[in-house]
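Only one structure is covered here, and it is reproduced in the block below.
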Amino acid sequence: MKPKEQRMDFNINTWMKGYLDGLKALFASRLQFVGLQGSYCRGEATVNSDIDAVVILDQVTPGDLKAYGAMLDTLPNREKVCGFISGRQELLNWERSDLFQFYHDTTPVLGSIDFLLPQIDHEDIHRAIRIGACNIYHLCGHNMVHEKDVDILKNLYKSAAFTVQAVYYDQTRAYLKQKEELIPLLQPPEREILQTVINLKQQPNMAQTEFEQFSALLFNWAAGLIIEYKTE
């Protein structure tokens with residue numbers, strides 16, 4: 001069977017069962033949480049999507065990382081696996097604006113990360129939006145002047161989708177993972193950004209005029225958020 005055919009036959013639920021079995025055998029009672037992020041947890045995966053797995057242990061040592069990597073090497077579709085592994089205390093003391101996105105974009109498979117909720121407050125959500133907007137503004141402007149790279153622009157729009165989710169959550173206290181579900185509920189500026197995220201994913205080529213148009217749209221949107229979500 002060709003590699004491409006193997007990817008097309010890939011089943012995330014079957015793979016996760018083998019993955020969980022491997023984690024339990026390796027870490028036993030030290031394993032506190034397993035989750036899934038990214039396109040597979042949102043139901044938006046394609047044959048080229050990565051498996052964004054999350055593992056939380058009581059604590060993590062360099063030896064644990066080596067053993068974890070060796071376990072992954074025994075699983076099928078090893079090249080698809082990425083994600084995050086952490087100790088519980090490190091996660092509890094993580095940058096709280098990151099924890100907002102981490103909590104809401106992680107689907108539990110084993111255990112719970114509800115212990116993170118008391119760590120996240122209103123200002124952390126605003127900080128997540130500010131940081132996301134600042135990064136997009138900086139990198140988008142740099143790309144418009146220097147690299148003028150379509151792939152960089154597409155990746156920036158992909159990052160912008162997370163900031164859009166944070167803005168909607170700040171407005172409604174509802175976190176919607178699926179883009180198609182979220183789009184009709186957004187205010188016009190965020191709706192246009194998220195619709196462009198979807199359009200660019202389906203558009204392999206881009207003319208120079210489109211590059212300039214989409215870059216300007218993203219740059220101006222990020223600038224507006226930076227001003228709107230100024231430090232309180």
Side-chain angles (χ1 to χ4, degrees), residues 1-88 90-91 94 98-99 101-113 116 149-162 165 175-182 194 197-205:
M1 183 179 291
K2 297 178 182 179
K4 184 176 180 180
E5 292 172 340
Q6 289 177 348
R7 288 195 296 269
M8 291 178 68
D9 291 340
F10 178 76
N11 183 289
I12 187 61
N13 295 322
T14 301
W15 189 89
M16 285 299 296
K17 183 180 184 303
Y19 176 65
L20 272 176
D21 289 343
L23 287 171
K24 290 174 181 177
L26 182 61
F27 295 119
S29 62
R30 296 180 56 208
L31 183 64
Q32 300 195 357
F33 177 81
V34 179
L36 194 61
Q37 294 181 332
S39 55
Y40 277 107
C41 85
R42 295 192 301 269
E44 299 173 350
T46 68
V47 294
N48 297 316
S49 294
D50 292 331
I51 304 168
D52 296 303
V54 174
V55 177
I56 308 302
L57 304 178
D58 54 349
Q59 60 179 349
V60 175
T61 68
D64 291 328
L65 297 177
K66 183 177 180 179
Y68 179 55
M71 186 277 288
L72 291 178
D73 290 341
T74 68
L75 298 180
N77 302 99
R78 172 64 176 94
E79 74 284 355
K80 292 171 67 72
V81 188
C82 61
F84 178 74
I85 180 169
S86 173
R88 180 185 175 102
E90 287 84 350
L91 194 60
W94 206 265
D98 286 345
L99 286 183
Q101 194 77 49
F102 179 84
Y103 176 83
H104 288 285
D105 197 43
T106 303
T107 297
V109 176
L110 174 74
S112 171
I113 51 173
L116 295 177
D149 188 294
V150 169
D151 289 333
I152 290 175
L153 178 61
K154 288 183 177 181
N155 285 330
L156 286 172
Y157 266 98
K158 186 176 179 180
S159 298
F162 295 112
Q165 287 172 314
Y175 192 93
L176 300 181
K177 293 181 180 180
Q178 294 185 326
K179 298 180 184 68
E180 297 287 357
E181 181 183 6
L182 182 56
L194 197 56
V197 173
I198 294 174
N199 293 344
L200 289 181
K201 191 174 182 180
Q202 300 168 349
Q203 181 178 333
N205 302 310

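These values consider heavy atoms only, across backbone and side chains, with no hydrogens, waters or symmetry-generated copies. Along the sequence shown, the residues carry numbers beginning at 1.
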Nearest-0.5 Å distance that lies between atom [atom1] in [X] and atom [atom2] in [Y]:
X: Ile56; Y: Leu91; atom1: CD1; atom2: CG; value: 4.5 Å
X: Ile198; Y: Glu180; atom1: CD1; atom2: CD; value: 4.0 Å
X: Leu57; Y: Ser29; atom1: CG; atom2: OG; value: 10.5 Å
X: Leu110; Y: Leu20; atom1: CG; atom2: CG; value: 6.0 Å
X: Ile85; Y: Tyr68; atom1: CD1; atom2: OH; value: 5.5 Å
X: Leu194; Y: Asn199; atom1: CG; atom2: CG; value: 10.0 Å

Does the side-chain contact (heavy atoms from CB on, under 4.5 Å) test come out yes or no for Met71 and Phe27, once each step is laid out? CA-CA 11 Å; Met71 186 277 288; Phe27 295 119; 5.9 Å; no
Would you say the side-chain atoms of [X] pair up with the backbone N or O of [Y], donor to acceptor, closer than 3.5 Å?
X: Asp64; Y: Thr61; value: yes
X: Thr14; Y: Phe10; value: no
X: Lys177; Y: Asp105; value: no
X: Asp50; Y: Asp52; value: no
X: Gln178; Y: Arg42; value: yes
X: Gln37; Y: Phe84; value: no

CA sep, side-chain torsions, deciding dist, call: Gln59, Arg30, side-chain contact (heavy atoms from CB on, under 4.5 Å): CA-CA 8 Å; Gln59 60 179 349; Arg30 296 180 56 208; 4.2 Å; yes
Passes side-chain contact (heavy atoms from CB on, under 4.5 Å), Lys179 versus Val197? Steps please. CA-CA 9 Å; Lys179 298 180 184 68; Val197 173; 3.9 Å; yes
So, for Tyr175 and Tyr103, is the gap between ring centers shorter than 6.0 Å? no
Compare every heavy atom of Val34 with every heavy atom of Leu31, then report the nearest pair and how far apart it is. CD1-CG2, 3.8 Å
Closest heavy-atom pair and its distance - Leu36, Met16: CD1-SD, 4.2 Å
Taking the side chain as every heavy atom from C-beta outward, state whether Asn77 and Tyr19 have any pair of such atoms under 4.5 Å apart. no
Do other residues, nucleotides or ligands put more than 12 heavy atoms under 6.0 Å from the NZ atom of Lys17? no
